[in-house]
Amino acid sequence: MFALASFIRRNYQASYPKEVPKHGTAIRFGLLGATDIAPSALITPAKTHPDVIIAAIAARDGKKAAAYAKKYKIPIVHPNYQALLDDPAIDAVYIALPNAHHLEWATKALEAGKHVLLEKPSVANAQEAATLFRNPLLSKPNSPVLLEAMHFRFHPAWQKLLSLIDQESIVEAHSTQHAPKGFVPLYGNVCKFNLAGGCLLGLGTYNVATLRQVFGAEPVECSDASCDRVPPGNDQEIDQAFYATWRFTNGAVGSIEADMMADGGYSWPLTSEIPTIALPKLTIKHRDVVVEGDLPSDQEHIVTKTVTMWAWSFPFFYHRIDVENKHVVRTRLDGKTVKQWSEIAYVKDYAGDSGVDSWTSYRFQLEEFVAKIRRKPGTGVWVEGEDSISQMKMIDIAYTKAGLPLRSSSAKS
Ligand SMILES: NC(=O)C1=CN([C@@H]2O[C@H](COP(=O)(O)OP(=O)(O)OC[C@H]3O[C@@H](n4cnc5c(N)ncnc54)[C@H](OP(=O)(O)O)[C@@H]3O)[C@@H](O)[C@H]2O)C=CC1
Ligand SMILES: O=C1OC[C@@H](O)[C@H](O)[C@H]1O
């Protein structure tokens, strides 16, 4: 009962936070595009940040921009994206354009001296990522801040998970995520190849990030990859679901299953067309450990640790981390089980050191973005440019393994 009340209160406060007064010198953000995601990813989080003002918007269609500005109380409307970048009163921009436009507009924003909060995936492929994140403008003194908005990494629950695993001992990790069918429309930009769409790039990039974080390493190879394409009549280079396995150093294996149009999986009488509702799940298995103990000399005690995180991609809404230690006492000679038992702990962390349990991962991310601009220490959680480049490399090798072409920003709609 208490957990339900807390769930409702947290999510209500996350959606309708109390606005705080702003500093006179607050960072003034401009939005490129009147996008659907900006309210969750930036406009609402900014309400509780005293050092952030959403100051301007530009959209391809002036009327759309004006209506959006009115709805979200954004004072300045620019006639186009470049005009917003040229506005000296804007310090930072948020870019949530289709993936094929990220490289172009992030580069233009850096050239205009703006800090850039750039939606994931950062760009369309690894070569583009190297071009963007190794832009010489980023290594100059007082260079602008550029961040790929891999928001879940900033949530305390994710950091808690990382503290509960033993990176060196992991043998296997499996990361799943299913967006129910109907959530992502086939006519949407994420289903357009020339806009760098696709499930692995749009949704699976989060799963890829979980593996890279869990192993704290890059893969040696993509050993297996396949996909379900969108139905005929749509771009056949577009994966609606992606399944891949990578081999990491020390032989550990990481796999993902990401589906942006998931249906079925229910038993009769529900049909296979019913959208699948499933929590994102990350399972991390550690190697067996032999525990010293007071046992007869012909027996041994083995402990196997498995950590499972539920709802890792939207941990602010709800999450649970299960830390399970399976104990087996067995005979040394033939491995026969003498006795077995399990210990399980359920862990959560909504607030971290912030003291606020209703911040979304986007709000935690904004905190770090601002700290970086202000050259304050922050929590230390960050996505470095080289990290974003490695992220794209892991995606590229999987697309290639699955026989799909790499996406790019050169083909425009
Ligand atoms: N962090 C998160 O939770 C989420 C992140 N995203 C990311 O945000 C980005 C945009 O997502 P998406 O779902 O594609 O958003 P949209 O399809 O809504 O597109 C976003 C904006 O891009 C501009 N745009 C749309 N179509 C085109 C086009 N054909 N050519 C040029 N510009 C266009 C529009 O701006 P205008 O208003 O100027 O017309 C539109 O508002 C992606 O990188 C995606 O991965 C998406 C969803 C959730
Ligand atoms: O970032 C995202 O999160 C939610 C997904 O459904 C969406 O496709 C993706 O872009």
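Counting starts at 1 for both ligands and their atoms, following the listed order.
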Is Arg60 in polar range of ligand 1, meaning some N or O pair under 3.5 Å apart? yes
For ligand 1, which atoms have a heavy atom of Gly33 less than 4.0 angstrom away? 35 (O), 36 (P), 37 (O), 38 (O)
Proximal ligand 1 atoms for His102, defined as those under 4.0 Å from one of its heavy atoms: 43 (O)
Side-chain heavy-atom pair Val145, Arg374 within 4.5 angstrom cut-off: no
Applied to residues 388-400, the side-chain hydrogen bond (donor to acceptor under 3.5 Å, both in side chains) test, sequence neighbours excluded, yields Glu148-Ser388, Thr205-Gln391, Arg212-Gln391, Asp239-Tyr399
I'd like to know whether ligand 1 has Gly188 as a neighbour, heavy-atom separation below 4.0 Å. no
Does any non-hydrogen side-chain atom of Thr35 lie less than 4.5 Å from one of Glu119? no
Using a 3.5 Å cut-off on N or O atoms only, is Val190 in polar contact with ligand 1? no
Under 3.5 Å: donor-acceptor pair, side chain of His102, backbone of Pro121: yes
Heavy-atom contact under 4.0 Å between Pro121 and ligand 1? yes
Taking only residues two or more places apart in sequence or in another chain, which ones pass salt bridge (charged side-chain N to carboxylate O under 4.0 Å, His left out) with Glu111? none
List, one per line, each side-chain donor-acceptor pair under 3.5 Å for residues 76-84, sequence neighbours excluded.
from: His78; atom 1: NE2; to: Asp87; atom 2: OD2; distance (Å): 2.8
from: Asn80; atom 1: OD1; to: Gln82; atom 2: N; distance (Å): 3.2
from: Asn80; atom 1: OD1; to: Ala83; atom 2: N; distance (Å): 2.8
from: Gln82; atom 1: NE2; to: Asp86; atom 2: OD1; distance (Å): 3.0

Would you mind running through ligand 1 and noting each atom that sits below 4.0 Å from a heavy atom of Leu195? 29 (N)
Return yes when atom NZ of Lys22 has more than 12 non-hydrogen atoms of other residues, nucleotides or ligands closer than 6.0 Å, and no otherwise. yes
For a quick check under 3.5 Å, do Glu368 and Thr379 share a side-chain donor-acceptor pair by atom type? yes
So which protein residues pack against ligand 2 under 4.0 Å, heavy atoms counted? Lys120, Phe183, Gly202, Leu203, Tyr206
Pairwise side-chain contact, Glu324 with Asp322, heavy-atom cut-off 4.5 Å (strictly under): no
